[in-house]
Number of protein chains: 4
Amino acid sequence: MLNRVILIGRLTRDPELRYTPAGVAVTQFTLAVDRPFTSGGSKEREADFINIVTWRQLAETCANYLRKGRLTAVEGRIQVRNYDNNEGKRVYVTEVIADNVRFLESSNSAGNREDGGSNANASYGGGGSGNRGGGSREQQDPFIDDGKPIDISDDDLPF
Amino acid sequence: MLNRVILIGRLTRDPELRYTPAGVAVTQFTLAVDRPFTSGGSKEREADFINIVTWRQLAETCANYLRKGRLTAVEGRIQVRNYDNNEGKRVYVTEVIADNVRFLESSNSAGNREDGGSNANASYGGGGSGNRGGGSREQQDPFIDDGKPIDISDDDLPF
Amino acid sequence: MLNRVILIGRLTRDPELRYTPAGVAVTQFTLAVDRPFTSGGSKEREADFINIVTWRQLAETCANYLRKGRLTAVEGRIQVRNYDNNEGKRVYVTEVIADNVRFLESSNSAGNREDGGSNANASYGGGGSGNRGGGSREQQDPFIDDGKPIDISDDDLPF
Amino acid sequence: MLNRVILIGRLTRDPELRYTPAGVAVTQFTLAVDRPFTSGGSKEREADFINIVTWRQLAETCANYLRKGRLTAVEGRIQVRNYDNNEGKRVYVTEVIADNVRFLESSNSAGNREDGGSNANASYGGGGSGNRGGGSREQQDPFIDDGKPIDISDDDLPF
DNA sequence: TTTT
DNA sequence: TTTT
């Protein structure tokens with residue numbers, strides 16, 4: 001009924017842009033989000049690594065402007081999908097389907113640390129089922145990149 | 001750096017309360033959250049099933065007052081933990097660690113539909129690592145309920 | 001750059017639907033949101049009275065289904081506008097422009113307390129610059145409703 | 001019942017730190033948050049100027065590290081308070097009481113644009129009823145800073 | 001498999 | 001394994 005997520009973190013690697021057979025752009029990346037505490041007596045602050053999926057125009061903007069290490073804000077919804085793996089076991093995948101992404105560091109920043117948080121608007125890319133593997137209940141793992149376009153029919157895209 | 005989730009949905013079953021060896025209360029339940037669209041030509045609206053973890057005082061309040069089917073609002077943060085399963089394969093688990101839970105239907109509601117959204121405050125239970133299986137990086141699956149108290153040391157609790 | 005609000009509270013009165021001269025529907029209501037604490041030694045829990053504005057299709061759905069007292073979830077953005085009052089003094093008005101409203105109590109609920117949180121979807125009404133005031137406790141209405149259509153040109157509508 | 005705000009914007013001026021008669025630190029600042037659209041045919045993107053209030057430890061951290069122009073993320077709740085002005089008219093003030101502030105640009109950034117989004121943690125300052133006004137565009141300050149400590153009794157502090 |  |  002209501003499902004809203006807001007994250008600020010850094011990309012663990014460059015985003016990956018792919019296209020569905022129907023030609024719809026999908027970009028995925030992982031955000032490292034530091035936890036608000038240090039646990040277990042360890043000095044090092046831990047992070048959660050959260051998978052983000054964007055669709056369509058927003059996917060292409062993210063692929064163009066985001067890079068590994070960039071500080072980024074993401075707004076979206078949690079999606080849980082599942083698929084049966086090659087051993088016939090059901091696997092659950094949780095992702096954040098982003099509909100708003102804010103670039104908190106501009107292109108010449110992050111890497112060489114020369115800029116301070118300019119901002120490229122990437123809003124309004126629409127939601128998406130986030131599954132690049134088929135129907136929504138039982139799917140292939142979209143994260144296995146086999147080089148082929150991901151197999152998803154237009155019917156699976158919720159927009 | 002910032003990690004905030006707000007959900008409204010219904011419990012798929014009664015919450016489960018357990019205790020760590022150190023005596024810390026942990027309650028878990030799953031929220032069914034309807035998606036904002038119908039996909040794939042199917043008429044039936046789909047839902048995401050999202051695992052929620054609460055700790056301490058909030059855990060006990062949830063165990064006392066929440067029941068299967070109840071409409072509930074949850075505020076918290078996304079946490080991703082992993083553990084190696086019995087085949088030595090790394091499994092990733094994503095949960096929402098709740099720090100605020102709102103009961104949108106009171107006790108005599110939901111089941112027999114007699115009330116209108118009264119509200120029991122369950123705020124401020126503190127966060128938690130959400131792992132009931134050991135250290136934070138490599139853990140046992142906390143969702144396997146073996147009847148034994150979950151093995152987590154006090155050091156793993158971030159509060 | 002990012003502006004997100006999520007509220008759960010009860011309507012202080014029935015929503016008011018009006019139309020701009022260009023025929024765009026605008027609905028306004030006030031949400032009473034209990035504070036998470038009791039202050040000043042007083043036993044009574046205080047509330048914040050927050051003005052909500054909805055536009056277009058969402059405005060009409062809200063006008064049709066929301067009523068005084070209903071428990072409601074609102075998602076939107078904070079907007080601050082200003083105008084000069086009749087004494088030539090600048091007045092600031094803060095509102096939440098909602099783009100998603102969830103009815104947490106169905107029609108036969110709330111008033112007579114007979115139901116438990118059924119849910120009418122009212123998502124996707126778009127944002128808007130909005131106006132008029134609110135109906136909270138001892139609040140004077142900065143935009144007195146004089147029966148005339150509200151004066152806002154199409155240029156003021158951000159969509 | 002639930003009241004959550006997340007904002008990303010830039011400070012319109014340096015934050016102002018003051019103390020209640022009881023010695024509690026309060027810091028206020030205004031965040032300029034760009035709207036997600038351009039309205040009225042105007043090319044210039046508009047912004048909302050939103051007053052932020054922080055208390056206690058968080059207030060002091062904000063006063064120490066935030067400066068005019070800095071890109072900042074704020075998490076908190078909307079609070080509406082009112083007072084009678086010198087003409088005996090009731091005035092309503094809406095503020096965001098922050099409980100989490102993230103510095104998205106480090107000290108040597110923003111002004112001279114040399115850094116990229118380092119991050120000083122300022123979490124956990126608690127809520128508060130707050131007061132004073134803001135520093136937005138043409139805004140008169142409802143709580144003129146007369147150099148005297150602000151008059152708020154301990155009873156008004158909700159913690 | 002992880003970012004600063 | 002799922003709720004209404």
Side-chain angles (χ1 to χ4, degrees), chain A residues 1 3 7-16 28-35 44-52 66-72 74 80-82 89-92 104-105 109-113 117 137-138 143-145, chain B residues 1 3 7-16 28-35 44-52 66-72 74 80-82 89-92 104-105 109-113 117 137-138 143-145, chain C residues 102-106 109 115-121, chain D residues 102-106 109 115-121:
Chain A
M1 292 236 347
N3 183 335
L7 304 170
I8 299 180
R10 292 182 186 278
L11 291 236
T12 61
R13 49 168 71 193
D14 287 355
E16 287 185 33
Q28 301 196 302
F29 54 90
T30 297
L31 222 52
V33 183
D34 286 340
R35 294 190 180 161
E44 345 147 21
R45 183 176 297 277
E46 288 178 45
D48 291 291
F49 298 94
I50 302 173
N51 293 320
I52 314 292
L66 286 178
R67 288 295 171 271
K68 178 180 178 178
R70 297 273 171 78
L71 191 68
T72 306
V74 161
V80 182
R81 46 188 189 80
N82 60 74
K89 227 180 120 183
R90 175 138 308 173
V91 180
Y92 290 83
L104 303 176
E105 293 178 339
S109 177
N112 41 17
R113 327 254 92 195
R137 289 225 172 210
E138 277 120 303
F143 272 103
I144 294 165
D145 189 346
Chain B
M1 292 231 349
N3 183 337
L7 304 170
I8 300 181
R10 292 182 185 279
L11 291 237
T12 61
R13 49 168 69 193
D14 286 356
E16 286 184 34
Q28 300 197 300
F29 55 91
T30 298
L31 221 53
V33 182
D34 287 339
R35 294 190 180 162
E44 344 146 21
R45 182 176 299 275
E46 287 177 45
D48 290 291
F49 298 94
I50 301 173
N51 292 321
I52 314 293
L66 285 178
R67 287 295 171 271
K68 178 181 178 179
R70 295 276 170 77
L71 191 67
T72 305
V74 161
V80 181
R81 43 186 192 83
N82 60 74
K89 228 181 118 182
R90 177 137 307 172
V91 179
Y92 290 83
L104 303 176
E105 294 178 337
S109 178
N112 40 18
R113 324 254 95 194
R137 291 224 173 209
E138 276 121 303
F143 273 102
I144 293 166
D145 190 346
Chain C
R102 295 292 156 176
F103 309 152
L104 303 175
E105 293 177 338
S106 60
S109 177
D115 191 291
S118 123
N119 169 52
N121 184 329
Chain D
R102 295 292 157 176
F103 309 153
L104 303 177
E105 294 177 338
S106 61
S109 178
D115 192 289
S118 120
N119 170 49
N121 184 329

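Any value given below was found using the heavy atoms of this structure, including those in side chains, with hydrogens, waters and symmetry copies removed. Below, chain A is the first sequence line, B the second, and so on; all start at residue 1.
Distance CG (D14(B)) to P (dT1(F)): 20 Å, rounded to an integer number of Å. Across the protein-nucleic acid pair, L104(D) atom CG and dT3(E) atom P stand 20 Å apart, rounded to whole Å. Following rounding to the nearest Å, R13(B) (CZ) and dT1(F) (P) show an atom-to-atom distance of 12 Å. Taking atom CD1 of residue I8(B) and atom C1' of nucleotide dT3(F), one finds them 14 Å apart after rounding to whole Å. Regarding E105(B), its CD atom lies at a distance of 11 Å from the C1' atom of dT3(F), rounded to whole Å. Rounded to a whole Å, the CG atom of L31(A) is 16 Å from the P atom of dT2(E). Rounded to whole Å, the distance from CG on D34(B) to P on dT3(F) is 12 Å. Q28(A) places its CD atom 19 Å from the P atom of dT1(E), with the value rounded to the nearest Å.
The nucleotide whose nearest atom lies closest to any side-chain atom of T30(B) is, among dT3(E), dT1(E), dT2(F), dT2(F). Comparing dT4(F), dT1(F), dT3(E) against the side chain of A32(A) picks out dT3(E) as the nearest. The K68(A) side chain lies nearest to dT3(E) when the options are dT3(E), dT3(F), dT2(E). Taking the side chain of T12(A) as heavy atoms from C-beta on, and the options dT2(F), dT1(F), dT2(E), the nearest nucleotide is dT2(E). For F49(B), counting side-chain heavy atoms from C-beta on, the closest listed nucleotide (dT2(F), dT3(E), dT2(E)) is dT2(F).
For G9(A) against V33(A), the heavy-atom pair with the smallest separation is CA-CG2, 4.3 Å.
Note that the CG atom of L104(A) and the CG atom of L104(D) stand 5.5 Å from one another [nearest 0.5 Å].
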Problem set entry | T30(B) vs F49(B), side-chain contact (heavy atoms from CB on, under 4.5 Å): CA-CA, chis, key distance, verdict | CA-CA 6 Å; T30(B) 298; F49(B) 298 94; 3.8 Å; yes

Exercise. Can you check salt bridge (Lys or Arg N to Asp or Glu O under 4.0 Å) on R67(A) and E105(A), steps first, answer last?
Worked result: CA-CA 10 Å; R67(A) 288 295 171 271; E105(A) 293 178 339; over 6 Å; no

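The closest donor-acceptor contact from the side chain of D34(A) to the backbone of M1(B) lies at 3.5 Å or more, if one exists at all.
At least one side-chain nitrogen or oxygen of R90(B) sits closer than 4.0 Å to the OP1 or OP2 atom of dT1(E).
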